[in-house]
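Read through the structure below, which is laid out as structure tokens, and then see the notes.
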Amino acid sequence: MRDFIVHRPSSIVNWSNSSNMKIKLLSLLLLIGLAFASPAAQPTNPTIYRAYFTSAKQLEALTSQYDVLEARGKDARGEYVLVMGDDELAAKLNAEGYALVAQQHIGMVNSPLSFYGGYHSITEHYAHMDSIIAARPDLAQGVVYGQTWRKTQDPNSGYDLRAICLTKQRPGDCALNPNTDKPRFFLMAAIHARELTTSEMVWRWMDDLVAKYNVDPDVTALLDYNEIWMIPLTNPDGRQMVEQGNADAGFPWYQRKNEHAQIPSTCSNPPTSWNQDGIDLNRNASFRWGGVGTSTNPCDLVYRGASAGSEPEEVALENLVSQLFRDQRGPLDTDAAPITTTGSFLTLHSYSNLVLLPWGDNTPNTPNDAALRSFAFRMSSFNGYVTGRPAEVLYGVSGSSDDWAYGTLGIPAFTFEIGPGGGSCTDFFPPYSCQDSLFWPLNRNAFYFAAKNARQPYESALGPVTLTPTLSSGRVGAGTSVTLTAIVDDGLYGNAAGSVGQPASQVISAAQVFVDVPPWAGGVPIPMTAQDGAFNTAQETALAALNTSGLATGRHTLFVRAQDANGNWGAITAQWLSVNWQVFLPATLRESAAAW
């Protein structure tokens with residue numbers, strides 16, 4: 001098995017199998033202890049309420065104190081957000097002047113499976129990364145980038161924080177050093193522990209990337225020329241609390257925060273969806289900490305912590321990301337990241353079907369707003385989510401990980417809120433079947449788009465999207481011609497109702513194909529022509545007649561891209577062309593040659 005690399009501020013040491021065995025043994029002893037412990041008190045079944053507000057001040061008061069879910073709407077009664085709580089909380093909100101309507105009652109469900117109907121446990125997620133690294137050392141490396149709060153207090157408790165890097169491995173790849181020629185895409189999940197869907201999406205994308213390398217040309221080109229970094233569990237201490245609820249109560253506990261308990265604690269134990277120990281790690285980032293959408297009450301769900309970046313999980317995350325990406329933006333909030341910026345960043349949350357871009361709070365738009373919105377709306381063209389800044393389509397947030405990534409390093413950073421606000425696949429714990437029937441099919445191509453645009457995102461996300469190119473024949477004899485056809489689309493933007501700031505499409509101005517050597521490596525472009533005779537609309541069918549004279553037998557990679565009228569080149573999309581001398585032979589000779 002290929003070892004994880006454990007990163008410490010002062011040294012790097014190997015992740016040992018013996019340490020892993022000790023952790024598994026300790027986990028087993030913990031489970032045995034839980035089995036003989038007194039049953040934990042059962043939390044009251046929560047209800048999701050529509051909480052109506054009439055002013056920005058009322059909304060801010062709600063988001064700074066209560067468990068306001070990632071959803072906002074409007075009906076005949078007015079604007080509302082969703083709040084989770086019990087009868088006592090409802091009475092308190094009514095007393096404060098909020099009108100409430102019960103939208104959904106959450107019931108306890110006993111599952112015969114290991115974790116609430118099929119969700120993967122912490123142990124399974126870490127074993128999954130180990131299995132990929134062991135099976136595909138040519139594609140995968142792992143890193144232990146820090147420790148959870150509980151483990152910093154007691155080495156026999158808590159968890160290591162682990163990430164995986166996928167790329168076609170060369171010496172020096174996946175190093176904790178921003179000076180690499182491979183652009184990096186960073187995907188993180190479950191900074192809020194109860195958001196189970198997010199980790200499942202990372203699991204599926206890991207498998208998809210590995211399974212389709214050397215099978216799918218676009219996936220292969222992505223891993224040949226980029227690094228994909230993923231964290232399936234950013235907050236494993238909190239996730240353990242969620243899992244414990246499934247074991248003790250038959251229903252996961254709604255733990256959102258990490259496990260940094262105040263001493264003495266006055267918070268609910270076991271945790272409820274509106275009162276719990278810990279710090280909200282997505283309010284603890286060291287950029288724009290302590291503003292709108294945060295609380296100073298340690299029991300509140302959006303408690304920001306004692307200071308900016310106070311939590312070891314947050315410190316470790318910021319250290320890791322800072323070692324993977326160069327600082328590419330000036331010190332002022334008004335400083336734009338340059339067009340040459342590389343890298344992209346996505347954090348997954350649930351739920352409400354949203355694509356969110358910086359800034360999270362109520363301040364003016366970022367200096368890179370046009371490119372960020374284009375990037376976000378292009379992603380939402382795949383998943384159909386409502387798109388905008390949090391304060392535009394949801395509510396104001398500060399101290400979040402995506403604001404930190406963009407604000408500190410200049411890389412485009414986004415949040416997905418995965419899962420609808422109503423229906424059978426809603427809630428933090430939707431039926432497990434929703435993962436494959438709905439969430440993964442919607443978000444797979446959005447992930448790929450985000451990763452493909454990491455090379456120069458502030459240009460390519462503005463440029464046209466090249467849909468899968470096709471060949472008149474994928475396997476030809478040397479010296480023959482083949483026609484390449486590609487749909488290039490600058491109008492591929494999401495249009496979900498409620499989105500804010502959808503960009504205008506541009507006319508396609510050019511398209512190119514490169515054979516074997518991509519444009520950033522000095523490849524020679526072959527111009528493509530418009531099928532209808534002129535590039536003059538936002539969507540075009542582009543053609544190129546390729547002569548294979550001079551091409552060696554074997555597989556060749558074609559890199560296709562298009563340009564809009566503003567001069568922005570979109571990201572490349574790859575296709576394969578196989579040149580084979582046997583194509584010209586009679587069938588009997590081809591069979592003899594193959595046998596020989």
Out of curiosity, Phe439 CZ to Thr198 OG1, how far, rounded to the nearest 0.5 Å?
->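 So the CZ of Phe439 and the OG1 of Thr198 are separated by 11.0 Å.
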Enumerate the residue pairs fulfilling disulfide (SG to SG under 2.5 Å) with a member in residues 277-322, sequence neighbours excluded, ordered by first and then second residue.
->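 Only Cys267-Cys299 qualify under disulfide (SG to SG under 2.5 Å).
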Report yes if the side chains of Asp333 and Arg288 come closer than 4.5 Å at any heavy-atom pair, otherwise no.
->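 Side chain of Asp333 against side chain of Arg288, heavy atoms only: contact under 4.5 Å found.
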Heavy-atom side-chain proximity of Asn365 to Trp359 below 4.5 angstrom |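 The answer is no; the side chains never approach within 4.5 Å.
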Out of Leu161, Ile231, Val315, which one pairs with Leu320 under the side chain to side chain contact (heavy atoms under 4.5 Å, CB included) rule?
->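 Output: one option passes, namely Ile231.
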Looking at residues at least two apart in the chain, or sitting in another chain, which of them share a side chain to side chain donor-acceptor pair (under 3.5 Å) with Asp280?
->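 Applying side chain to side chain donor-acceptor pair (under 3.5 Å) to Asp280 gives His192, Arg256.
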Do the two ring centres, one from Tyr116 and one from Phe251, sit under 6.0 Å apart?
->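 Yes.
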Under 6.0 Å between ring centres, would you say that holds for Tyr254 and Trp274?
->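 No, ring centres 6.0 Å or more apart.
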Can you tell me which residue pairs pass the salt bridge (charged side-chain N to carboxylate O under 4.0 Å, His left out) test with a partner in residues 92-101, sequence neighbours excluded?
->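 Found none.
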Keeping to residues at least two apart or across chains, list the salt bridge (charged side-chain N to carboxylate O under 4.0 Å, His left out) pairs with something in residues 298-325.
->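 As it turns out, there is no salt bridge (charged side-chain N to carboxylate O under 4.0 Å, His left out) pair with a partner in residues 298-325 once direct neighbours are skipped.
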Donor-acceptor pair, Arg389 side chain versus Asp361 backbone, under 3.5 Å?
->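 Yes, because the side chain of Arg389 sits within donor-acceptor range (under 3.5 Å) of the backbone of Asp361.
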Considering all heavy atoms of both residues, which atom of Asn383 and which atom of Ala446 are nearest to each other, and what is their separation?
->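 The answer is ND2-CB, 4.2 Å.
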Is the charged tip of Arg184 near the ring of Phe325: under 6.0 Å from the six-membered ring centre and within 45° of its axis?
->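 Because its charged atom misses either the 6.0 Å distance or the 45° angle limit, Arg184 does not stack over Phe325.
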Is it the case that Arg283 places NZ or CZ above or below the six-membered ring of Tyr303, under 6.0 angstrom from the centre and within 45 degrees of the axis?
->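 The answer is no, since Arg283 fails at least one limit relative to Tyr303.
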Please name all residues satisfying ring-ring contact (aromatic ring centres under 6.0 Å, His included) with His125, sequence neighbours left out, ordered by chain then number.
->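 Scan of His125 (ring-ring contact (aromatic ring centres under 6.0 Å, His included), adjacent residues dropped) gives His120, Trp203.
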What residues, two or more places apart in sequence or in another chain, satisfy ring-ring contact (aromatic ring centres under 6.0 Å, His included) together with Tyr385?
->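 Partners of Tyr385 under the ring-ring contact (aromatic ring centres under 6.0 Å, His included) test: none.
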Could you tell me how the ring of Phe375 sits relative to the ring of Phe449: parallel (under 30°), tilted (30 to 60°) or perpendicular (over 60°)?
->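 The rings of Phe375 and Phe449 stand perpendicular, inter-plane angle above 60°.
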What orientation do Phe416 and Phe447 show, parallel under 30°, tilted 30 to 60°, or perpendicular over 60°?
->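 Ring orientation of Phe416 relative to Phe447: parallel.
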Any luck finding a side-chain donor-acceptor pair between Asp207 and His128 under 3.5 Å?
->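 Per modelled atom types, Asp207 and His128 side chains form a pair under 3.5 Å.
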